[in-house]
Amino acid sequence: MFNTRPAAFFLAILVFSFQAIAQTAVSSGTSGSAAGLRTPIIRLAEVREGMRGTARTVFRGTEPEDFNVEIIGVLPGGVGPKQDLIIGRLSGGGADRTAVFAGMSGSPVYVDGKLIGAISYSFPFSKEPICGITPIEQMVEIFEAKEPARRTSAPQAISFAEIASASLPELSYTVDTGLLAATTSTNPMMASIAGQTFRPIGVPLTFNGISQQTLDAFAPQLMRAGLVPVAAAGGTSPIAPMKAADENTLKPGASVSMQLTRGDYSLASSGTVTLREGDRIYAFGHPFLSLGVSDLPMSESSVVTVVPNVNNSFKLAVPSAMVGTMTQDRATGVFGKLGQAPKMIPVRLNIESSRGKRDTINFEMANDEFLTPLLLNIAIYNSLVAQERTVGETTVFMNGEIRFNGQMPVKIDRRFAGGQSAMLAAASIAAPVNAMLRSRFEDLAMSGIELDLKMIDGSRTASLERISVDRSEVRPGETVQITAYARATDGRIYTERIPVVIASDAPAGKLTILVGDGGAVLKTDAVQHFTPGSLGELIDGVNRTRTPDRLYVKVTRSSAGMIIGSAEMTNLPPSVLATLSSSRSSGGTKSHVETIVAEAIVPPSEMIIAGEQKLEIVVVR
């Protein structure tokens, strides 16, 4: 008979061996690089229900205070693939009054003096102070790989209409704010289960120099960007040199601020430092804005107080000295370096009110494709409404430059009128700035923005009613006098005389004269987009974009031609047209049946004229 005892004994040894190997893999698994930390840690595989420890955060001032944490369990994949969550319950110290609060993100949790992770998630409206803790090994490892550089991109098409628009470019993605309002507003069907899932703890946004009216006006954009103001006041953050770090700088449990702007306008979000290893800072335990590679000022901050709130308590923090840069913003937290200065964009706004009052606003803002257009939009709008009434019609004049190292500046010359003139003026500057940053050319270095803003009462607008010419026939080289008639909102008629020279080599035949605002003329252009091959070409394209607040004249005649890329090829021989229109290839070209004979920009008048009119004349020889 076959003896089963040796087989059973061998199977038992095999199972025991696999269990030992699996346990070893789990114990070391994802903590290999984390094991190189000088700070003692507890790995996720060693976490057990019932463990008791302490956490540290700042409730007031600058010194961290201890409170108690009891480990309830571990939630595998709690916030994403291979992103586990340790569940804890808070008690004692200031936590009895505040529970989990916005600004606590990153608070380090210790068990037996060893770091276990960072408090980072919570349940809105929870009756108990239950929190989610990001394991320290997963928080550190995501930043252990070589820090990537900001990527550049191949040339991409730029829309003339987009550059000339007066609307803020749409954000490419939505950041989870962790607020109940964000959940129910974007998906009403989620209202019944709101508060039943872990959400990232809110990151409080404090602001200085920005009115509540401005923040209310930009609430949708701010919430979509993950920037949710929780305080109606903050502290000033002067533009000052970076402070040298010492052993007490941003120690674990300290309050840390990531500044979006500083100077006369200050916007900063605050969290808590989880770990400091030399000049390396780990904080938050969850994404800030999911920027990936970033370049934001990292500052020390002082907590005024923590305000208890039914949904989510929050802290009021005042940023102080800049000590480094937040260089990465990823799924399990943010990473920064002490002693490294960020590259900010200086902005100067010269304001003149309708009463003749002059003022100057100076600030620096983050250099980021995602944030910069939004921040500049907010700053300009706030500067305008702070000086003028917000009810009624006004006219805004905006002139200035966007400067770059080693390049010609982008020229700004715009006018806006009506009840929304301040909002339109503020949004218009975001379009060229967004086009610049989105291009990602390697030599792109924005050195500053300076704008002159002037407001007057009333809306100086008119509609183009008709045009006329001083003759219906003209010879090559002669000048045609065009008269444009515009009717203002009060019924008055304004006239503009526009001389246009007909080219000396113009062939005999009919010419079409179009007079209209930039938007109307742009619609008739064969080229609606351009693809710059260099930063210089991009700046040139932005500078020659037609704007809706100016009148333009375009004289054209019918012809046979093609458009290749953004270049118009007119009066092509039949053989060339046949080659370009070959049935053996498709794309890259399109037919073009108009040739531009002459173009002119009408100098700015006292009125902003909108509309278009056209007529025909004949060239004779």
Side-chain angles (χ1 to χ4, degrees), residues 30-31 34 41-57 67-92 95 98-111 114-142 175-180 182-183 190 193-204 226 228 252-253 271-275 282-288 290 309 311-315 329-334:
T30 60
S31 61
I41 67 168
I42 293 181
R43 298 171 179 172
L44 181 62
E46 301 169 341
V47 175
R48 297 290 182 269
E49 177 184 351
M51 283 183 167
R52 296 180 180 274
T54 60
R56 311 198 76 200
T57 199
F67 55 96
N68 302 322
V69 179
E70 178 188 358
I71 304 303
I72 300 175
V74 176
L75 192 62
V79 293
K82 297 185 178 181
Q83 295 178 21
D84 307 318
L85 208 57
I86 303 169
I87 313 303
R89 180 187 289 110
L90 312 183
S91 63
T98 66
V100 181
F101 62 85
M104 180 182 276
S105 299
S107 298
V109 178
Y110 300 91
V111 173
K114 297 180 180 180
L115 182 60
I116 194 174
I119 296 175
S120 51
Y121 289 80
S122 67
F123 284 110
F125 296 105
S126 174
K127 288 186 176 181
E128 291 188 35
I130 305 297
C131 69
I133 302 169
T134 301
I136 188 60
E137 58 198 273
Q138 295 179 6
M139 186 174 173
V140 169
E141 282 181 349
I142 199 170
V175 177
D176 184 359
T177 63
L179 294 184
L180 178 66
T183 304
M190 289 291 292
I193 61 171
Q196 298 180 24
T197 59
F198 268 116
R199 314 287 291 181
I201 298 173
V203 180
V228 184
T272 303
V273 176
T274 306
L275 173 66
Y282 303 85
F284 286 23
H286 60 69
F288 172 37
S290 296
N309 184 279
N311 176 21
N312 195 13
S313 302
F314 57 89
K315 74 179 181 183
D329 175 14
R330 303 196 180 275
T332 59
V334 300

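Only heavy atoms go into these numbers, but all of them, side chains included; no hydrogens, no water, no symmetry mates.
Every salt bridge (charged side-chain N to carboxylate O under 4.0 Å, His left out) that R89 has, sequence neighbours left out, goes to E70, E128. Remark: Y282 engages F335 in a ring-ring contact (aromatic ring centres under 6.0 Å, His included) (not counting sequence neighbours).
Residue F67 comes nearest to A95 through the heavy atom pair CD1-CB, 3.9 Å, listed as atom of the first residue, atom of the second, then distance. Of all heavy-atom pairs spanning P252 and Y110, the tightest one is CB-OH, 3.4 Å. P108 approaches V273 most closely through the heavy-atom pair CD-O, 3.5 Å. Closest non-hydrogen pair, M139 versus A283, comes out as CE-O, 3.3 Å. Contact record, F101 with F314: CB-N, 3.9 Å, taken as the closest heavy-atom pair. Taking all atoms of both residues into account, the shortest heavy-atom contact from A55 to V109 is CB-CG2, 4.0 Å.
Contact annotation: the side chain of T274 never approaches that of T134 to less than 4.5 Å [non-hydrogen atoms, C-beta and beyond]. For the pair L90 and M104, the minimum side-chain heavy-atom distance is below 4.5 Å. Using a 4.5 Å heavy-atom cutoff, the side chains of T272 and I119 are not in contact. Taking 4.5 Å as the limit, every side-chain heavy atom of I116 sits out of range of all side-chain heavy atoms of I41. H286 is listed as a side-chain neighbour of S105, based on a closest heavy-atom distance under 4.5 Å.
Counting only distance, with no hydrogens or angles, the side chain of Q138 and the backbone of P135 share no donor-acceptor pair below 3.5 Å.
Here the NZ atom belonging to K114 is positioned 7.0 Å from the CD atom belonging to E46, to the nearest 0.5 angstrom. Here the CD1 atom belonging to I142 is positioned 6.5 Å from the CD atom belonging to Q83, to the nearest 0.5 angstrom. Atoms CZ and CD1, on R48 and I71 in that order, are 12.0 Å from each other to the nearest 0.5 Å. Going from atom OG of S120 over to atom CD1 of I86 covers 9.5 Å, rounded to the nearest 0.5 Å. Interatomic distance, CZ of F123 versus CD1 of I130, reported as 8.0 Å (0.5 Å rounding).
Partner of I133 under the side-chain contact (heavy atoms from CB on, under 4.5 Å) criterion, chosen from L75, V69, V74: V69.
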Stepwise side-chain contact (heavy atoms from CB on, under 4.5 Å) check, V47 with V111: CA-CA 10 Å; V47 175; V111 173; over 6 Å; no
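Note on residues 77-86: no pairs pass salt bridge (charged side-chain N to carboxylate O under 4.0 Å, His left out), not counting sequence neighbours.
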